[in-house]
Q: 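Below is one structure. I have some questions about it.
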Protein chains: 2
Amino acid sequence: MVAAMVTTGTRERLVTTAQRLFASQGVGPTSPRQVLEASGVGQGSLYHHFPTKHDLAVAAVGATVEQALTAARRDLEGDGSGDPGGGVEALDRVVAYVTRPREALAGCKVGRLTSDQAVMDDDGLRDVVTAYFVRLLAAVTATLREAGLPADAARDRAHAAVAVVQGGYVLARATGDEDAMRAAVRGFVALLAPEARR
Amino acid sequence: MVAAMVTTGTRERLVTTAQRLFASQGVGPTSPRQVLEASGVGQGSLYHHFPTKHDLAVAAVGATVEQALTAARRDLEGDGSGDPGGGVEALDRVVAYVTRPREALAGCKVGRLTSDQAVMDDDGLRDVVTAYFVRLLAAVTATLREAGLPADAARDRAHAAVAVVQGGYVLARATGDEDAMRAAVRGFVALLAPEARR
DNA sequence: GTCTATACAATGATAGAC
DNA sequence: GTCTATCATTGTATAGAC
């Protein structure tokens with residue numbers, strides 16, 4: 001209970017450094033050597049805390065996924081009152097989620113991993129990515145149901161909403177223009193909530 | 001004029017093999033050695049035709065992009081008559097484009113490259129990817145204008161349409177479920193063309 | 001727990017014979 | 001144009017001292 005706060009240790013530094021490198025280069029192309037050099041720890045330290053690259057990747061990708069999911073839920077959850085009008089209306093929360101400013105040119109920290117062969121070939125890592133999208137889709141679907149959509153429509157539109165964001169990242173990176181994501185989101189929102197209060 | 005047909009040579013075999021490997025593993029993770037072994041040619045042959053991996057990648061990615069663009073245009077172009085009713089209506093052609101059956105679990109052969117650091121760090125390769133999406137977006141935008149949308153709305157909805165397809169690939173790969181792409185597309189089409197003739 | 005040194009395979013390419 | 005042999009570098013660890 002006393003030592004619990006002092007955890008800005010080597011292990012944590014390795015994880016945050018790995019998160020940063022994974023986000024910018026992907027998991028496959030990032031070597032353990034790069035991580036230890038960028039974090040300033042020695043060879044032995046990394047392999048003490050994380051015997052293999054897989055172990056480091058699970059820790060770093062897991063942390064990234066938790067952070068991303070937390071951010072999405074902040075957008076999507078109402079005030080819990082259940083009262084229409086008690087918080088922001090459900091459809092507006094979905095609009096808030098898709099329109100949230102994003103670093104479009106960097107790509108989605110999680111979505112990009114679906115093209116990372118080192119991730120998809122590793123059962124443990126792939127499961128972390130799968131769980132992220134399953135939970136994200138469930139949250140968006142629930143919010144759309146709250147907005148009054150029937151189950152099938154809610155499910156399909158939730159998939160479309162998340163896909164527009166993911167595809168927006170792809171378009172922004174491909175064209176080198178972060179407005180490409182904004183255009184995609186605008187096009188979708190105009191259809192989903194034509195009267196959206198902006 | 002005589003020799004022009006006999007071109008099922010070593011060079012072409014290398015390109016098609018590279019296309020296949022790039023599509024399944026990405027460009028970065030595919031080694032020249034894998035390409036020459038899979039195509040059955042010798043070390044020297046590959047490096048004779050393509051002095052560097054970059055040269056091989058430009059040829060293979062360029063071919064893939066041309067094929068993808070040709071397929072998209074087949075969906076999007078009318079019969080050229082300009083007559084409403086002379087061919088399939090413009091909005092239906094956009095619906096045809098987004099609903100075309102795709103190997104969702106494999107990911108988009110071009111879109112995946114935006115997460116491939118080896119591609120994005122190479123000016124020549126990145127330009128090929130950029131050109132693909134610029135031309136694809138232009139084609140979808142033009143078709144939506146033909147459908148009667150004003151310029152801004154056509155541009156935004158075209159971005160949304162292409163993003164839904166790209167994001168559909170991401171969702172399908174992430175969840176391991178090819179229906180995820182179909183759900184995203186269905187959700188989008190229900191909004192874009194509620195009365196779509198299916 | 002952390003450090004330096006080392007091992008061993010794969011990558012991307014070159015050399016030079018045929 | 002194609003082949004075999006070779007090479008320098010990087011990736012992923014392991015060994016063993018402190």
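All values reported here derive from a predicted model rather than from experimental measurement. Residue numbers start from 1 in every chain, and the chains themselves are labelled A, B, ... in the order their sequence lines are given, proteins ahead of strands.
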Q: Search all heavy atoms of B:Val65 against all heavy atoms of B:Val128 and return the closest pair with its distance.
A: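 Closest pair (atom of B:Val65, atom of B:Val128, distance): CG2-CG1, 3.7 Å.
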
Q: When you compare the protein's N or O atoms with those of nucleotides 10-14 of chain C, which come within less than 3.5 Å of each other, and at what distance?
A:
| unit_1 | atom_1 | unit_2 | atom_2 | d |
| --- | --- | --- | --- | --- |
| C:dG12 | OP1 | B:Lys53 | NZ | 3.1 |
| C:dG12 | N7 | B:Arg33 | NH2 | 3.4 |
| C:dG12 | O6 | B:Arg33 | NH2 | 2.7 |
| C:dA13 | OP2 | B:Lys53 | N | 3.0 |
| C:dA13 | N7 | B:Tyr47 | OH | 3.4 |
| C:dA13 | N6 | B:Gln43 | NE2 | 2.3 |

Q: Check this for me: does any side-chain nitrogen of one of B:Glu178 and B:Arg173 sit under 4.0 Å from a carboxylate oxygen of the other?
A: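 Result for this pair is no, no salt bridge flagged.
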
Q: Using 0.5 Å steps for rounding, measure from the CG atom of B:Asp156 to the CG atom of B:Leu144.
A: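 Here the rounded value is 10.5 Å.
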
Q: Would you grab the first and last nucleotide of DNA chain D (5' to 3') that comes under 4.0 Å of any non-hydrogen atom in chain B?
A: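 Range of nucleotides within reach of chain B: D:dG1 to D:dA5.
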
Q: Enter the distance from B:Leu76:CG to B:Glu146:CD here, rounded to the nearest 0.5 Å.
A: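 Separation between the atoms: 10.0 Å.
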
Q: In terms of hydrophobic clustering (I, L, V, M, F, W, Y; side-chain heavy atoms under 4.5 Å; direct or indirect links), are B:Val134 and B:Val129 co-clustered?
A: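 The answer is no; the residues belong to distinct hydrophobic clusters.
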
Q: For residues 100-113 of chain B, please give each side-chain donor-acceptor pair under 3.5 Å, one per line with the distance, not counting sequence neighbours.
A:
| unit_1 | atom_1 | unit_2 | atom_2 | d |
| --- | --- | --- | --- | --- |
| B:Arg100 | NE | B:Asp75 | OD2 | 2.5 |
| B:Arg100 | NH2 | B:Asp75 | OD2 | 2.9 |
| B:Arg102 | NH1 | B:Tyr97 | O | 3.0 |
| B:Arg102 | NH1 | B:Val98 | O | 3.3 |
| B:Arg102 | NH1 | B:Arg100 | O | 3.2 |
| B:Arg102 | NH2 | B:Tyr97 | O | 3.1 |
| B:Arg112 | NH1 | B:Ala23 | O | 3.0 |
| B:Arg112 | NH1 | B:Ala106 | O | 3.1 |
| B:Arg112 | NH2 | A:Gln117 | OE1 | 3.2 |

Q: Is B:Asp55 close to B:His49 at the side-chain level, that is, under 4.5 Å between some pair of heavy atoms?
A: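 A side-chain contact under 4.5 Å is absent here.
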
